[in-house]
Student: 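Structure in structure tokens, see below.
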Amino acid sequence: MSLTIHGIPASRAVRPLWAATELGLDFTHVPTPYQGGATRTPEFLAINPNGHIPVVVDVRPPEQGGEVVVWESMACALYLARHHGQPDGASITPANAREDAEALRWSFWAVNECEADALTVLMHRMVMPAERRKPELATAAEKRLAVALRVIERHLQQQQERGEAHLAASRFTVADLCVASVLNWARPARSLMAAHPLTHGWLVRCLGRPAHASLKALDKSPNVE
């Protein structure tokens, strides 16, 4: 068996890279940037015809499916948790149906309700050269994000009341990983974070995990894809 992850941490590929690191997996990292045509070569398009990172290539025994190729960052992270983790109530892998449902719904929620606006905030508050930033776009995105953050803030309050500090359980799971990887892009919106203290505190704890911090050694570029 062998596991290969194509992409760079400063992109959506952070999701499977973070998941694999949390799980302690032995994997080969192919640091494929999205700029410069690396994702448009015939070799890369053969594993992802969309021409995007990340891509996970999981070579398994024939009775377990043989070579499995996964793209779409959330799918990659969820796949690794489900097929390479143990549902033991200790790892990031969901341990029961409820935790699995939480991982699925919050991951899709993050993509549909937050990702585009969070990326707008990141680009127009921090990443783009100052002369190219459009603060009005970031402000509008932050207003839309405030609606979504009220939802997760309420959920975290309910979780706290039941003695659970994370989205799906009392421990950090792939649900937290997937959502934190998106909301990390919105951190430059300081007033938005301050208005949602439970969400901000949870996000800081997630991003402060050793597995996430270790990814900085792989790539320090601010690029996102």
Side-chain angles (χ1 to χ4, degrees), residues 7 9-19 50 52-54 70-82 92 94 97-128 134-162 164-169 172-207 209 212 222-225:
S11 73
R12 292 180 176 90
V14 70
R15 296 158 192 172
L17 289 167
W18 188 2
N50 299 295
H52 299 306
I53 54 173
V70 189
W71 24 265
E72 295 301 323
S73 59
M74 292 298 187
C76 291
L78 293 166
Y79 171 86
L80 291 175
R82 179 173 292 183
I92 67 168
R98 174 187 165 239
E99 291 182 9
D100 195 35
E102 295 285 18
L104 291 169
R105 73 167 181 164
W106 284 108
S107 297
F108 283 101
W109 173 86
V111 169
N112 290 317
E113 302 294 335
C114 302
E115 188 174 70
D117 288 323
L119 183 55
T120 297
V121 169
L122 177 69
M123 300 303 291
H124 290 279
R125 293 289 190 216
M126 187 174 73
V127 172
M128 295 176 69
K134 296 182 179 180
E136 67 276 13
L137 294 182
T139 298
E142 289 166 14
K143 289 181 179 179
R144 292 188 293 270
L145 278 173
V147 177
L149 291 195
R150 284 197 293 270
V151 174
I152 191 171
E153 186 82 1
R154 187 180 309 115
H155 178 72
L156 287 168
Q157 178 64 50
Q158 293 169 342
Q159 287 292 89
Q160 190 177 85
E161 291 169 358
R162 63 190 293 167
E164 298 186 347
H166 293 87
L167 291 180
F172 179 87
T173 71
V174 69
D176 302 286
L177 184 155
C178 288
V179 179
S181 71
V182 173
L183 294 187
N184 184 31
W185 295 348
R187 290 183 72 191
R190 296 183 179 180
S191 60
L192 183 67
M193 292 290 114
H196 302 86
L198 291 179
T199 302
H200 183 243
W202 160 84
L203 182 58
V204 169
R205 292 194 304 275
C206 292
L207 298 175
R209 291 179 63 82
H212 183 265
N223 295 330
V224 291
E225 179 175 288

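What you are looking at is a predicted structure, and each value in this text was computed from that prediction instead of being measured.
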Student: Can you label the angle between the H166 ring and the F172 ring as parallel, tilted or perpendicular, going by 30° and 60°?
Tutor: perpendicular

Student: Taking atom types as modelled, is there a side-chain donor on W106 or E102 under 3.5 Å from an acceptor on the other?
Tutor: yes

Student: Distance alone, cut at 3.5 Å: any donor-acceptor contact between the side chains of Q157 and E161?
Tutor: yes

Student: Go through the steps for T199 and R150 under the test side chain to side chain donor-acceptor pair (under 3.5 Å), then give the verdict.
Tutor: CA-CA 9 Å; T199 302; R150 284 197 293 270; over 6 Å; no

Student: Taking only residues two or more places apart in sequence, or in another chain, which ones meet H212 in a ring-ring contact (aromatic ring centres under 6.0 Å, His included)?
Tutor: W18

Student: Identify the heavy atoms of L122 and W185 that sit nearest to each other, and give their distance.
Tutor: CB-O, 3.4 Å

Student: Under the side-chain contact (heavy atoms from CB on, under 4.5 Å) test against K134, which residue among M128, M123, H124 passes?
Tutor: H124

Student: How far apart are the C-alpha atoms of I152 and L198, what are their side-chain angles, what is the distance that settles it, and do they pass the side chain to side chain contact (heavy atoms under 4.5 Å, CB included) test?
Tutor: CA-CA 9 Å; I152 191 171; L198 291 179; over 6 Å; no

Student: Which atom pair, heavy atoms only, marks the closest approach of A138 to V121?
Tutor: O-CG2, 4.0 Å

Student: Return yes if some donor-acceptor pair links the side-chain N/O of Q160 with the main-chain N/O of A165 below 3.5 Å, else return no.
Tutor: no

Student: Taking NZ, NE, NH1 and NH2 as the nitrogens, is one of them in R205 or D176 under 4.0 Å from a carboxylate oxygen of the other?
Tutor: no

Student: For E115, check side chain to side chain donor-acceptor pair (under 3.5 Å) against everything at least two apart and list the hits.
Tutor: R12, R15

